2 protein chains.
Amino acid sequence: MRSSKDDRRVKYTKMVLKESFIKLLSKKDITQITIKEICEDADINRATFYAHYNDQYDLMRKIENELLENISAYISEYARKDNHFNDVELIEKIFEYIKENAQLCKLLLSKKGDLDFQKRVMMLVYDKNLINLTNEGIFSKEYAEYIYSYTITGCVGIIQKWLEDGMDKSTRFMAEMIIKLTTYNTSK
Amino acid sequence: MRSSKDDRRVKYTKMVLKESFIKLLSKKDITQITIKEICEDADINRATFYAHYNDQYDLMRKIENELLENISAYISEYARKDNHFNDVELIEKIFEYIKENAQLCKLLLSKKGDLDFQKRVMMLVYDKNLINLTNEGIFSKEYAEYIYSYTITGCVGIIQKWLEDGMDKSTRFMAEMIIKLTTYNTSK
DNA sequence: TGACTATTAAACACAGTGTTTATTATATTG
DNA sequence: CAATATAATAAACACTGTGTTTAATAGTCA
């Protein structure tokens with residue numbers, strides 16, 4: 001039983017729509033991008049766009065979710081091979097992924113991007129690991145929650161700066177710095 | 001010499017346009033708000049809107065800048081009275097201001113708001129104070145810059161959580177927590 | 001009061017939206 | 001390959017909102 005999602009035509013349509021949207025997004029703000037414009041660039045009928053997406057923002061959200069899934073899969077792949085789960089290496093994996101997909105990541109993870117989405121990226125790491133540290137009874141629960149918020153958004157800021165600076169620091173340098181900054185908060 | 005900015009009619013027009021915009025913003029996303037809608041709610045001619053603003057986003061930006069100026073003035077007022085500059089009290093002042101202007105601040109400082117603007121709010125504090133700590137030669141300059149980014153955006157996350165939780169923690173509690181979390185990073 | 005100018009109503013051409021229709025093109029399956 | 005299914009298309013539709021211009025009106029200020 002095949003769903004319409006597997007149809008080659010559907011795959012192609014979605015692919016070129018995403019490509020055109022990202023292309024436009026690199027040139028101007030999403031608020032200035034029209035559906036008509038996306039469709040013309042992708043050479044796809046406007047009615048077809050509406051068959052798949054509600055509007056630009058819906059398309060954006062779906063691209064974000066895909067990216068999140070891809071990063072997650074990339075991490076899981078690593079975790080499966082090496083059984084010893086090393087925090088530094090795990091975070092380094094995220095930086096690696098971002099570097100390998102710099103074009104899209106620069107758009108979605110920059111300061112223009114959606115903070116809520118960016119937080120979700122960082123949560124990929126911290127939900128699995130560091131949150132445990134804060135739950136070891138050192139801090140009160142309410143305090144730990146604030147530290148968690150601080151850590152997550154703080155890391156978003158670090159990634160943004162890294163991207164703005166042209167990713168000139170190595171992924172290992174970044175990962176170690178993040179570990180240093182974040183375990184700091186939780187180890188006392 | 002009076003500029004047109006001082007004209008009562010202009011003041012009124014801008015005031016009601018801002019009020020209506022904020023009212024709409026509390027009901028729906030900015031992407032769903034039209035200029036026509038704002039003007040109808042404010043009972044202002046659409047041509048008059050264009051005499052003052054380019055679009056919704058321009059209006060938004062101007063409201064943000066005003067809020068930033070107001071917070072800055074609020075802090076300066078305090079700094080003038082008490083000569084002893086206390087970091088905790090300074091940060092507490094910001095939380096106080098937010099609490100006193102909760103309606104608007106909840107919109108502009110929430111996770112839906114613009115991160116770049118939110119960073120600027122936090123910079124009000126850190127440009128004056130903590131950045132010095134990182135420049136005392138403990139960290140390398142490049143490291144200090146990342147710590148600065150981490151701190152600024154981290155604090156944005158804390159404020160967002162505070163607002164989401166209905167501002168149930170006292171302003172003093174919040175200020176002390178922030179001092180603890182942020183001087184932590186810079187004192188070693 | 002008189003000069004000034006912000007605001008207004010009305011109209012304009014225009015661009016983009018979201019949906020529907022019948023037709024065409026392509027993919028899948030037996 | 002042929003038959004079936006369905007995705008994509010072109011064209012048209014009414015509609016909403018945009019951004020600007022015009023001349024008239026109303027409010028402000030000194």
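The sequence lines fix the lettering, A, B, ..., with proteins before strands; numbering per chain opens at 1. Quick caveat: nothing in here was measured; it's all calculated off a predicted structure.
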d(OH, A:Tyr12; C1', C:dA27) in whole Å: 16 Å
Is the ring centre of A:Tyr146 less than 6.0 Å from the ring centre of B:Trp162? no
Answer yes or no: does a side-chain N or O of A:Arg8 lie under 4.0 Å from OP1 or OP2 of C:dT28? yes
Roughly how far, to the nearest 0.5 Å, is the CG atom of B:Leu124 from the CG atom of B:Leu90? 9.0 Å
Tell me whether the OP1 or OP2 atom of D:dA10 has a side-chain N or O from A:Asn45 closer than 4.0 Å. yes
Nearest-Å distance, CG (B:Asp58) to C1' (D:dT18)? 15 Å
Might you point out which heavy atoms bring A:Leu109 and A:Gln160 nearest each other, and give the distance in Å? O-CG, 3.1 Å
Centres of the A:Tyr53 and A:Phe49 rings: under 6.0 Å? yes
Enter the distance from A:Glu89:CD to A:Lys93:NZ here, rounded to the nearest 0.5 Å. 8.0 Å
Going from CD on B:Gln118 to SG on B:Cys155, what distance comes out if it is rounded to the nearest 0.5 angstrom? 12.0 Å
Quick one: are A:Tyr97 and A:Ile75 in side-chain contact, heavy atoms under 4.5 Å? no
N/O contacts under 3.5 Å, protein versus nucleotides 16-19 of chain C?
residue, atom, partner, partner atom, Å
C:dG16, OP2, A:Lys36, NZ, 3.2
C:dT17, OP1, A:Ile35, N, 3.2
C:dT17, OP2, A:Lys36, N, 3.2
C:dG18, OP2, A:Tyr50, OH, 3.1
C:dG18, N7, A:Arg46, NH1, 2.8
C:dG18, O6, A:Arg46, NH2, 3.1

Please check the phosphate of C:dA6 (OP1 and OP2 only) for any side-chain N or O of B:His52 closer than 4.0 Å. no
Interatomic distance where CG belongs to A:Asp7 and P belongs to C:dA25 [whole Å]: 17 Å
Rounded distance in Å - NZ (B:Lys11) to P (D:dG27): 18 Å
Using only modelled atom types and a 3.5 angstrom limit, is any donor from either the side chain of B:Arg9 or the base of C:dT5 paired with an acceptor on the other? yes
Just how far is it from atom CD1 of A:Ile38 to atom OG of A:Ser20, taken to the nearest 0.5 Å? 8.0 Å
When the distance from CZ of B:Phe49 to P of C:dA9 is rounded to whole Å, what number comes out? 17 Å
Any N/O pairs under 3.5 Å between the protein and nucleotides 23-25 of chain D? List them or say none.
none

Quick check: does any side chain N or O of B:Ser72 sit under 3.5 Å from a backbone N or O of B:Leu68, one acting as donor and the other as acceptor? no
Please confirm whether the shortest side-chain N or O distance from A:Thr13 to OP1 or OP2 of D:dA8 is below 4.0 Å. yes
